[in-house]
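Okay, so here's the structure we're looking at.
Just so you know, these numbers come straight off a predicted model, no measurement behind them. Chain A is the first sequence line, chain B the second, and so forth, proteins listed ahead of strands; every chain is numbered from 1.
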Amino acid sequence: MRASNMYAPTLREVPAEAEIISHQLMMRSGMLRKVASGVYTYMPLAWRTMKKIMEIIRQEMDAAGGQELLLPAMQPAELWQQSGRWDVYGAELWRVKDRNMRDFCLGPTHEEIITYHFHNDIRSYKQLPQRLYQIQTKFRDERRPRFGLMRGREFMMKDMYSFDRDEAGLEVSYQLMHRAYTNIFTRCGLNFRPVEADTGAIGGSGSHEFMALADTGESAIVYCDKCNYAASVEIASLPPVGTGAGEEFKEIVKVYTPDCTTIEDVANLLGVTSERVVKTLCFSADGEVVMVLIRGDRRISEVKLQNALGCNELEMASDEALRAKGLFPGYLGPIGVTNMKIVADSEVPLMVNHECGANEVSNHLINVNYQRGDYRIDQVADLREVAPGEPCPHCDGTLLGARGIEVGQIFKLRDKYSKALDAYFTDENGEDKPAIMGCYGIGVGRTMAAVIEQSNDEYGIIWPMAVAPYHVVIVPVNDKDEALTEAAESLYQELLAARVEVVLDDRKERPGVKFNDADLIGYPLRVTIGSKGLAKGIVEVKIRATGEVLEIAKDEIKDWLLQTLREAGVR
RNA sequence: CGGGACGUAGCGCAGCUUGGUAGCGCACCUGAUUUGGGAUCAGGUGGUCGCAGGUUCAAAUCCUGUCGUCCCGACCA
């Protein structure tokens, strides 16, 4: 490729709309252009990298027994109505009508379609397992698209669906995918961790998210400083720890606590630590007010709470809703409450002589004990959000906090969709059984953005060799020097003939412009050809990742490059 | 969906308070000089100021509406 003809318009200034580094660099390097909110054109450089990531994905999927196919993006409403998701999915589902006003949607995911095919074409256990995948544009009408490719409304995704005859088969598929994903993200050069993730309505253990570590990531995770335990903070789980253990139950005393509406206020006034306080919160779960109890120094994981309650919509109850129930925000407590369900985190029953609100303005109670029967709990569940600094549940290490970009997710669906969409097969005993399914996604564009997010400096992108749009750029330093132009041209031709992915920067620009663009675009290897060096028979190689500069004999540069690319595993 | 901000040339911005010929930097085009880290000089192209109404002799500027975009939050197969 000649730079003079390359469609990669670089920008000196950062477009105002780009907030995070990967988005800024993709805009500046001419990789990406926005067409509408959350809708982007992948310019040639970006598309080359996308294709490389997709090729890595294909190799690993195929190695794990996958077969690639292509499902339609345009999907009839009937299938979604059958699975129940036409109504459940909400505004995010991109609905369209055809000329006869029939309902369709643009696929945000493809469980319905793939299961439809299974229903039609798979009859026998002899045809299992099946692992089918595709790489395709997905559509989700996100409420808030953001950060360039991180959360788009139209985006490239690899999705695989596995069909096994039983749970054991699913486990095999799942482990194959776990390993394949690890290989893929490793090959892409990402610093990532697989973390245990929420399984939502489907429940059970059976989901991992692959998180590229980055401060700009949208998800919070905890991971152990000693072992390989890692989990989303929303679902990380630790054994319950009570407070006041061993103390004798004391008599309940009402304490006047004016203007103390936070746990901290109350704990300070009473001279206790917040772990001796029970925090009482009220949520509206599918419209029903529920009281939730948790240790005062803990945070509620709304994901856990939602799963425990089995509700679809969960939000903090409004002050009006509380007053309607005869409660006073800031002075909530469980004692004497009869008109709503009470759910408690598993630590609460272990708390002795704790404090809580008195359900009267400006009053709290001390020495309250669930174990003594002071109040009622209808449901006990693990509800707390784990925080960095807490002990690892698997070893004696300590949990650290980090943020991550979710680049992939693997999920055990089990029989949710096979039952809803009638994906049954006949086993060797002649019995009909639902296929046991798994689904496995990778955001291709997000992976590309995550690589940039992790690998850049003040000058631009630093591509790992495996996903660089080109491997080598040749920069002739002076376009008036004919010997130099000729040397650059002939090296370019030799490398092309050797099928090296090379760009010749033949633009009539000053060297500084070429160097800056090379750094910005992030070519791993830059060959600089200058008059002085050429007179001595040498050219210069700059390694983008390390900044290292090498002088190589002109006659040896081609072999040196081929050798280097071979060692990097891209030949 | 709640909160905040912004729409003026391809990009970054000023002008708006106080209405009166639409500006600056970068990029782009031409010429000359220049050539190892975003050159210099001279000349030039490009904008119905997001859109629609309204007020006014006169609107980028004031008013109303609308569309778009970004950020925070909520939400997230």
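Shown here for A/Gly530 and A/Leu484, the closest heavy-atom pair between the two residues is C-CD1, 3.6 Å. Of all the heavy atoms in A/Val289 and A/Ala317, the pair that sits closest is CG1-CB, 4.5 Å.
Judged by distance alone, with hydrogens and angles left aside, the side-chain atoms of A/Arg446 form a donor-acceptor pair with the main-chain N or O of A/Glu406 at under 3.5 Å. The backbone N or O of A/Ser37 lies less than 3.5 Å from a partner atom in the side chain of A/Arg153, making a donor-acceptor pair. Side-chain N or O atoms of A/Tyr181 include one that pairs as donor or acceptor with a backbone N or O of A/Tyr440 at under 3.5 Å.
The nucleotide whose nearest atom lies closest to any side-chain atom of A/Gln306 is, among B/C75, B/C13, B/C76, B/C76. Relative to the side chain of A/Val513, the nucleotides B/A39, B/U69, B/U34 differ in distance, and B/A39 lies closest. Out of B/G37, B/C71, B/G12, the shortest distance to the side chain of A/Phe147 is found at B/C71. Side-chain proximity of A/Arg146 to B/G36, B/C76, B/C71: nearest is B/C71. You'll find that the side chain of A/Asp479 is closest to B/U35, out of B/U35, B/U69, B/C71. Comparing B/U35, B/C75, B/C13 by their nearest atom to the side chain of A/Arg143 picks out B/C75. Checking B/U35, B/U69, B/G12 against every side-chain atom of A/Pro511, the shortest atom distance belongs to B/U35. Distance from the side chain of A/Phe515 is smallest for B/G37 among the nucleotides B/A74, B/U69, B/G37. Nearest nucleotide to the A/Arg28 side chain, out of B/U34, B/G36, B/G38: B/G38.
Note on A/Lys532: nothing from the nucleic acid sits closer than 4.0 angstrom, heavy atoms only. In this structure, A/Glu112 reaches neither bases nor backbone, as no heavy-atom distance under 4.0 Å exists between it and the strands shown. Within 4.0 Å (heavy atoms only), A/Ala16 reaches sugar-phosphate atoms of the nucleic acid but no base atom. Residue-level contact check: A/Val475 touches neither bases nor backbone, having no heavy atom under 4.0 Å from any strand. Looking at heavy-atom distances under 4.0 Å, A/Asp481 makes no contact with the nucleic acid at all. No engagement by A/Thr109 is indicated, since no non-hydrogen atom pair under 4.0 Å with the nucleic acid exists. The residue A/Ala18 sits apart from the nucleic acid: no heavy atom pair falls under 4.0 Å. Looking at heavy-atom distances under 4.0 Å, A/Gln409 makes contact with a base.
A/Asp517 contributes a side-chain N or O that forms a donor-acceptor pair with the base of B/G38 under 3.5 Å. Under 3.5 Å, the side chain of A/Arg526 and the base of B/G37 form at least one donor-acceptor pair of N or O atoms. The base of B/C75 has none of its N or O atoms less than 3.5 Å from a complementary donor or acceptor on the side chain of A/Arg144. For A/Glu540 against B/G36, a side-chain-to-base donor-acceptor contact under 3.5 Å is present. For a distance-only test at 3.5 Å, the side chain of A/Lys542 fails to qualify as a donor-acceptor partner of the base of B/G36.
Salt-bridge formation is not detected for the pair A/Asp519/A/Lys514: no Lys NZ or Arg NE/NH1/NH2 atom is positioned less than 4.0 Å from an Asp or Glu carboxylate oxygen. The existence of a salt bridge linking A/Glu19 and A/Arg146 is excluded, since no basic side-chain nitrogen approaches an acidic carboxylate oxygen closer than 4.0 Å.
Between A/Asp519 atom CG and B/G36 atom P the separation is 17 Å, expressed in whole Å. We find that NZ of A/Lys480 is positioned 10 Å from P of B/U35, with the value rounded to whole Å. Taking atom CG of residue A/Leu305 and atom P of nucleotide B/A74, one finds them 15 Å apart after rounding to whole Å. The nearest whole Å value for the distance from the NE2 atom in A/His23 to the P atom in B/U69 is 13 Å. Atom CD1 in A/Ile521 sits roughly 17 Å away from atom P in B/G38 (whole-Å rounding). Going from atom CZ of A/Arg507 over to atom P of B/U34 covers 22 Å, rounded to whole Å. Atom pair A/Glu406:CD and B/C75:C1' shows a separation of 15 Å (rounding to whole Å applied). With rounding to whole Å, A/Glu509 atom CD is found 14 Å from B/G36 atom P.
Considering only side-chain N and O atoms, A/Ser531 lies nowhere under 4.0 angstrom from the phosphate OP1 or OP2 of B/U35.
Using modelled atom types, one finds no donor on one side chain facing an acceptor on the other under 3.5 Å when comparing A/Ser232 with A/Glu196. Between A/Glu78 and A/Gln82, the side chains place no donor N or O within less than 3.5 Å of an acceptor N or O (distance only, hydrogens not considered).
For A/Pro108 and A/Gly148, each mapped to the nucleotide of RNA chain B holding its nearest heavy atom, the one lying further toward the 5' end belongs to A/Gly148. Ranked by how close their nearest RNA chain B nucleotide is to the 5' end, A/Arg12 and A/Glu111 are led by A/Arg12.
One C1' atom belongs to B/C62, the other to B/C26, and the distance between them is 33 Å to the nearest Å.
In this structure A/Ala553 satisfies the side chain to side chain contact (heavy atoms under 4.5 Å, CB included) test together with A/Glu556, sequence neighbours excluded.
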Enumerate all atom pairs, one protein N or O and one N or O from nucleotides 22-25 of chain B, separated by less than 3.5 Å.
{"unit_1": "B/G25", "atom_1": "N2", "unit_2": "A/Glu13", "atom_2": "OE1", "d": "2.6"}

